[in-house]
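The figures here come from the full heavy-atom set of this structure, side chains too, leaving out hydrogens, waters and symmetry mates. Letters A, B, ... mirror the listed sequences (proteins, then strands); counts begin at 1.
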2 protein chains.
Amino acid sequence: MPHDTPTPADQADRFARAREVQAVALLEDYVEMIGDLIAEMGEARVADIAARMGVAQPTATKAIARLKREGLATSRPYRGVFLTDQGAAMAERVRARHRTVVELLIAVGVPADTAELDAEGIEHHVSDHTLRAFEAFLAAMPR
Amino acid sequence: MPHDTPTPADQADRFARAREVQAVALLEDYVEMIGDLIAEMGEARVADIAARMGVAQPTATKAIARLKREGLATSRPYRGVFLTDQGAAMAERVRARHRTVVELLIAVGVPADTAELDAEGIEHHVSDHTLRAFEAFLAAMPR
DNA sequence: CGCAAAATATAGCATAGGCTATTTCTTCGC
DNA sequence: GCGAAGAAATAGCCTATGCTATATTTTGCG
């Protein structure tokens, strides 16, 4: 029965998943940005990370501490930040997903600048399953 | 120049917006659910709200306190929760947006159950602008 | 009615993610 | 090589959102 009202438990699971996603979203953003900075400038400095994330420098420092705790990045005091293999892999995944989400939005008629803006929040909630559907849709697009 | 690398400031703004969205997402979820419960059962009890959100009861109580602070809901101790006009309007907007997001996902090939799951997180990040694009896309769909 | 069970509220704790102010370390120019 | 400027770390605070444990209020039943 496709159109049942979801049970309370189903719905609770949905919200639980959305909360989990939220918990990793920040990690994903930092990891992607650190990857960008290393690619662009050869290294990722805390000050640059903070500026791009739009947060104060100690906030970035704290986030980096969390990345290190989770095995995504490494750093030594007063030195730049680097990604572990795991972090680099996450950055790559996130970057690809971001691109796909932006393209999908544009493909359904969202202006490019708005697509970019909304994608920043949307992308984290796009499951692998949905991502594959997006890719298939884009591949089937005329032009 | 459409395909410039965004400036750090642009990017910071994008993240700032995503953070703001996050701050209202929880309010939106609660308000929508309270609306659902009132529609279905005539009233919204704290225990039911907590069960559907998948949180402990005191967590729901605290969220309701915030809704009241923000003028979205009213309640008296040990009694049900009600929406203000403002809260009801938000619930309506959120519900419509949720439906549109689910339909859009299905329209681009996402299976219905996955669409429902992912929409829960995505919807909050869909701006009015993007929502209108989704509606236009769906209206133009063959069938 | 009167009391036990159920519902709600409250207290108190933890973590995450912001912030400002301050300290500590590095770096660079003289 | 030293001292000032700049970058990063630390301290300490706040709010939001979770939780468990406990108190309080309502409710329903015998």
Side-chain angles (χ1 to χ4, degrees), chain A residues 8 11-31 33-34 37-38 41-70 72-82 120-121 124, chain B residues 8 11-31 33-34 37-38 41-70 72-82 120-121 124:
Chain A
Q11 198 155 24
D13 287 348
R14 289 220 299 272
F15 286 119
R17 178 166 175 281
R19 284 195 298 270
E20 273 166 44
V21 162
Q22 200 48 44
V24 294
L26 192 112
L27 297 180
E28 291 181 339
D29 285 335
Y30 273 93
V31 154
M33 167 144 334
I34 290 166
L37 284 167
I38 291 173
M41 332 225 273
E43 68 172 342
R45 309 303 308 257
V46 172
D48 295 330
I49 295 168
R52 292 222 191 166
M53 290 296 300
V55 299
Q57 167 258 310
T59 300
T61 298
K62 209 181 277 191
I64 292 160
R66 193 173 155 213
L67 294 183
K68 290 164 74 170
R69 247 189 294 136
E70 313 241 352
L72 296 166
T74 60
S75 77
R76 294 191 345 272
Y78 297 99
R79 289 293 133 93
V81 179
F82 301 91
E120 201 61 67
H124 302 291
Chain B
Q11 198 155 23
D13 287 348
R14 289 219 298 272
F15 287 119
R17 178 165 174 281
R19 283 195 299 269
E20 274 166 44
V21 163
Q22 201 47 45
V24 294
L26 191 112
L27 297 180
E28 292 181 339
D29 285 334
Y30 273 94
V31 154
M33 167 147 329
I34 291 167
L37 285 168
I38 292 173
M41 331 226 274
E43 68 173 342
R45 309 303 309 255
V46 171
D48 295 330
I49 296 169
R52 292 224 191 164
M53 291 295 302
V55 298
Q57 167 259 310
T59 300
T61 299
K62 211 181 275 193
I64 292 160
R66 191 173 156 211
L67 294 183
K68 289 165 75 169
R69 248 189 294 136
E70 313 239 354
L72 296 165
T74 59
S75 78
R76 294 190 346 272
Y78 297 97
R79 288 290 131 91
V81 180
F82 302 91
E120 201 60 67
H124 302 291

Would you say [X] reaches [N]'s phosphate, i.e. side-chain N/O to OP1/OP2 under 4.0 Å?
| X | N | result |
| --- | --- | --- |
| B:Arg79 | D:dT27 | yes |
| B:Arg45 | C:dT8 | yes |
| B:Thr61 | C:dA9 | yes |

Please report the shortest heavy-atom distance between [X] and [Y], naming the atom on each side.
| X | Y | answer |
| --- | --- | --- |
| B:Met33 | B:Ile49 | SD-O, 4.0 Å |
| A:Ser75 | A:Lys68 | OG-NZ, 2.9 Å |
| A:Tyr30 | A:Ala63 | CZ-CB, 3.4 Å |
| A:Ala12 | B:Ala51 | CB-O, 3.5 Å |

Check: Which whole-number value in Å describes the distance from B:Glu20 CD to C:dG18 C1'?
Finding: 13 Å

Next item on the list: Starting at atom OH of A:Tyr78, determine the distance to atom C1' of C:dC25, rounded to an integer number of angstrom.
Entry: 4 Å

Return the polar atom pairs (N/O with N/O) between nucleotides 16-19 of chain D and the protein under 3.5 Å, or none.
| unit_1 | atom_1 | unit_2 | atom_2 | d |
| --- | --- | --- | --- | --- |
| D:dT17 | OP1 | B:Arg66 | NH1 | 2.6 |
| D:dT17 | OP2 | B:Arg66 | NH1 | 2.6 |
| D:dG18 | O6 | B:Lys62 | NZ | 2.6 |
| D:dC19 | OP2 | B:Ala56 | N | 2.7 |
| D:dC19 | OP2 | B:Thr59 | OG1 | 2.6 |

Next item on the list: With the side chain counted from C-beta on, respond yes when B:Glu120 and A:Arg17 share a heavy-atom pair under 4.5 Å apart, and no when they do not.
Entry: no

Next item on the list: Report yes if some heavy atom in the side chain of A:Leu72 is under 4.5 Å from a heavy atom in the side chain of A:Ile34; otherwise report no.
Entry: no

